[in-house]
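As structure tokens, the structure follows; a few thoughts come after it.
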Amino acid sequence: IGFRLSGGQLVGVAVKTVWQEATAPDFMSAASQQSTRDLADAVAAAARTEGLVALVAALDVDSVAAVLRFPRAAPVDAAVERFAREVRKAATGLQASPNSVIVAAGTSVSHPEDMGRSLHEALHVASAASTDPSQRDVYRLADTHIRGFLELLTDASRLPAFVGRR
């Protein structure tokens, strides 16, 4: 598919739409599914605009994931910031435009076997940041604080059982 995994740095990115209650689409509708495809196209276009190599996929009705590849010596953080700004700009031009988008980035990794961890981290951060009103260009794990910790705990099977007992 033309995406080299080795010899560079890989960063998982998650883009999540944020809708106000009144403007949220019916997530089961064809229009909502088209909106997600449009967002994936916007993420891919932002990567091309920034000259980045990316794999992009729609995950569900309100989020898109991407793996960005950078040369080994590239300044990754600055490039991810520029990419995030381009994604946010592209998302405002969509026909079914969400109120905003959250762009979250995982930790940069250099080995393909660690790519899943970076992507999982980005998805976790996007989920935790969806209630943050600060509207950063890009969110990272360090930005999520206690929200991120609580979001991480929701995957632990014993936590809901504990809460249920209380």
Side-chain angles (χ1 to χ4, degrees), residues 1-18 33 35-91 98 100-162:
I1 58 177
F3 189 85
R4 265 187 71 211
L5 293 175
S6 61
Q9 299 177 78
L10 303 167
V11 177
V13 175
V15 180
K16 184 174 177 59
T17 57
V18 178
Q33 294 169 15
S35 173
T36 303
R37 286 190 296 272
D38 291 346
L39 181 60
D41 289 344
V43 170
R48 283 190 301 275
T49 298
E50 291 299 313
L52 301 175
V53 177
L55 279 175
V56 179
L59 293 180
D60 54 34
V61 295
D62 67 349
S63 57
V64 170
V67 175
L68 305 177
R69 184 181 181 283
F70 298 92
R72 193 174 303 271
V76 172
D77 289 343
V80 170
E81 293 279 343
R82 288 190 307 275
F83 168 75
R85 283 191 293 275
E86 192 64 34
V87 167
R88 293 169 66 84
K89 185 168 68 172
S100 65
V101 293
I102 300 287
V103 180
T107 306
S108 172
V109 297
S110 56
H111 299 290
E113 58 271 12
D114 295 330
M115 184 175 58
R117 179 179 51 81
S118 179
L119 192 53
H120 181 71
E121 183 179 307
L123 293 167
H124 164 75
V125 169
S127 182
S130 63
T131 58
D132 184 7
S134 69
Q135 291 297 307
R136 300 170 194 265
D137 285 332
V138 63
Y139 289 84
R140 292 188 169 81
L141 190 58
D143 300 324
T144 61
H145 305 293
I146 192 69
R147 282 187 316 280
F149 178 67
L150 293 175
E151 181 68 28
L152 187 63
L153 288 178
T154 61
D155 290 342
S157 61
R158 293 183 294 196
L159 180 65
F162 174 77

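Considering only heavy atoms from C-beta on, M115 stays 4.5 Å or farther from V11 through its side chain. Contact of the V13 side chain with the V103 side chain is registered, since non-hydrogen atoms from C-beta on lie closer than 4.5 Å.
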For residues 42-49, tabulate all N or O donor-acceptor pairs below 3.5 Å that involve a side-chain atom, not counting sequence neighbours.
from	atom 1	to	atom 2	distance (Å)
T49	OG1	A45	O	2.9

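Across every non-hydrogen atom of V67 and L119, the tightest pair is CG2-CD2, 4.3 Å. The two residues V15 and V101 come nearest to each other via the heavy atoms CG1-CB, 4.2 Å. Smallest separation of non-hydrogen atoms from A14 and L123: CB-CD2, 3.6 Å. Taking both residues in full, the closest heavy atoms of L68 and A54 are given as CD2-CB, 3.5 Å, listed atom of the first, atom of the second, then distance. When every heavy atom of L39 is checked against every heavy atom of A91, the shortest pair comes out as CD1-CB, 4.3 Å. Taking every heavy atom of both residues into account, A40 and V64 meet most closely at N-CG2, 3.7 Å.
By the side chain to side chain donor-acceptor pair (under 3.5 Å) test, S63 pairs with D60, sequence neighbours left out. By the salt bridge (Lys or Arg N to Asp or Glu O under 4.0 Å) test, E121 pairs with no residue at all, sequence neighbours left out. In this structure, the salt bridge (Lys or Arg N to Asp or Glu O under 4.0 Å) partners of D77, at least two apart in sequence or on a different chain, are R140. With sequence neighbours excluded, the residues forming a side chain to side chain donor-acceptor pair (under 3.5 Å) with R85 are D137, listed by chain and number.
Atom CG in L52 sits 7.0 Å away from atom CZ in F83 (nearest 0.5 Å). We find the CG-OG1 distance between D38 and T17 to be 12.0 Å, quoted to the nearest 0.5 Å. Atoms CD and OG, on Q9 and S110 in that order, are 7.5 Å from each other to the nearest 0.5 Å.
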* **Stepwise side chain to side chain contact (heavy atoms under 4.5 Å, CB included) test for V53 and F70** => CA-CA 7 Å; V53 177; F70 298 92; over 6 Å; no
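Of the possible polar contacts, one joining the S118 side chain to the T107 backbone as a donor-acceptor pair under 3.5 Å is found.
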